[in-house]
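Only one structure is covered here, and it is reproduced in the block below.
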Amino acid sequence: DGGITQSPKYLFRKEGQNVTLSCEQNLNHDAMYWYRQDPGQGLRLIYYSQIVNDFQKGDIAEGYSVSREKKESFPLTVTSAQKNPTAFYLCASSRGLTDTQYFGPGTRLTVL
Amino acid sequence: AQSVTQLGSHVSVSEGALVLLRCNYSSSVPPYLFWYVQYPNQGLQLLLKYTSAATLVKGINGFEAEFKKSETSFHLTKPSAHMSDAAEYFCAVSDRSNYQLIWGAGTKLIIKP
């Protein structure tokens with residue numbers, strides 16, 4: 001079955017630690033995205049990648065970093081510079097930027 | 001820049017009643033409009049997408065939405081609510097300049113037995 005997987009489902013971090021969230025897709029999509037979701041708010045774009053080895057900042061990139069070394073993978077690192085990292089993180093992919101985005105199941109990050 | 005407004009953070013309807021979830025976008029016509037559904041602690045699932053082919057768009061699970069340019073609206077409806085429809089619904093529009101999605105804040109649909 002084609003789809004998007006995110007791991008882990010739940011993640012706990014101590015303040016000052018970097019953590020990396022995994023996102024893998026086997027849909028052969030070129031574009032991938034990371035969103036942050038907070039209660040009562042819509043999704044906010046952190047980073048997106050149109051193609052391997054290329055990525056662009058979204059609206060709230062500060063304190064986050066990404067890489068796109070393989071077409072299938074788009075990991076997100078939440079650094080200690082991110083002031084309020086507790087949130088639900090969603091990864092998505094699409095064939096291209098103008099195509100429908102499909103979402104993974106999400107990772108809930110909690111900073112202790 | 002595009003913006004999206006979803007009226008009502010929570011909407012409560014009785015099982016079997018009409019579901020109406022409202023979405024308005026800013027005045028410039030976006031290339032695409034979407035409705036997604038999210039069940040608790042899960043990712044988002046596409047319900048339907050408007051691409052200018054037809055103003056009435058049918059989606060999954062009996063939902064449909066009508067694009068009304070004069071009202072800058074893209075409201076989501078379902079004739080008869082089921083308990084399984086309880087979820088959060090998000091409206092999104094694509095920005096004409098870069099095709100990034102602009103999201104509404106979401107509406108939680110509550111179904112009363």
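None of the values given here were measured: they were computed from a predicted structure. Lettering of chains follows the sequences in order, A, B, ..., and the numbering in each one begins at 1.
- With a 4.5 angstrom heavy-atom cutoff, B/Gln100 touches chain A only via side-chain atoms.
- Atom-to-atom distance recorded for B/Ile102:CD1 and A/Asp59:CG is 6.5 Å, nearest 0.5 angstrom.
- Put simply, the side chain of B/Lys108 never gets that close to the backbone of A/Gly40: no donor and acceptor are under 3.5 Å apart.
- Interface residue A/Gln37: only side-chain heavy atoms are found under 4.5 Å from chain B.
- Tracing side-chain contacts under 4.5 Å through hydrophobic residues (I, L, V, M, F, W, Y), one reaches B/Tyr89 starting from B/Val13; they form part of the same cluster.
- Both A/Leu112 and A/Tyr10 are assigned to one and the same hydrophobic cluster, defined by single-linkage of ILVMFWY side chains at heavy-atom distances under 4.5 Å.
- A/Leu76 and A/Val52 are not part of a single hydrophobic cluster, where members link through side-chain heavy atoms under 4.5 Å apart.
- One finds the OH atom of A/Tyr33 at 7.0 Å from the CG atom of B/Leu101 (value rounded to the nearest 0.5 Å).
- Hydrophobic clustering of Ile, Leu, Val, Met, Phe, Trp and Tyr side chains at less than 4.5 Å, counting indirect connections, unites B/Leu76 with B/Tyr50.
- Between atom CG of residue A/Asp99 and atom NZ of residue B/Lys49 there is a gap of 6.0 Å, rounded to the nearest 0.5 Å.
- The environment of CD in B/Glu15 is crowded: more than 12 heavy-atom neighbours from other residues, nucleotides or ligands sit within 6.0 Å.
- Open room surrounds CG on B/Leu7; 12 or fewer heavy atoms of other groups in view lie less than 6.0 Å from it.
- The OG1 atom of A/Thr100 sits 8.5 Å away from the OH atom of B/Tyr32 when rounded to the nearest 0.5 Å.
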Problem - Working for side chain to side chain contact (heavy atoms under 4.5 Å, CB included), residues A/Tyr35 and B/Leu44 - result: CA-CA 11 Å; A/Tyr35 290 95; B/Leu44 277 70; over 6 Å; no
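- Contacts of A/Tyr48 with chain B are made by side-chain atoms alone, with heavy-atom separations under 4.5 Å and no backbone atom involved.
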Practice task
Would you please test A/Leu43 and B/Gln38 for side chain to side chain contact (heavy atoms under 4.5 Å, CB included) and show each step?
Solution key: CA-CA 12 Å; A/Leu43 278 65; B/Gln38 184 180 34; 5.6 Å; no
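- Only the side chain of B/Leu46 comes within contact range of chain A, judged by heavy atoms closer than 4.5 Å.
- Chosen from A/Arg108, A/Gln101, A/Lys9, the residue pairing most often with chain B at heavy-atom distances under 4.5 Å is A/Gln101.
- Residue contact with chain B, scored on non-hydrogen atoms closer than 4.5 Å, involves the side chain of A/Leu45 exclusively.
- A/Trp34 and A/Phe88 fall into different hydrophobic clusters, where Ile, Leu, Val, Met, Phe, Trp and Tyr side chains are chained together by heavy-atom contacts under 4.5 Å.
- Within a 6.0 Å radius of CD1 in B/Ile110, more than 12 heavy atoms belonging to other residues, nucleotides or ligands are found.
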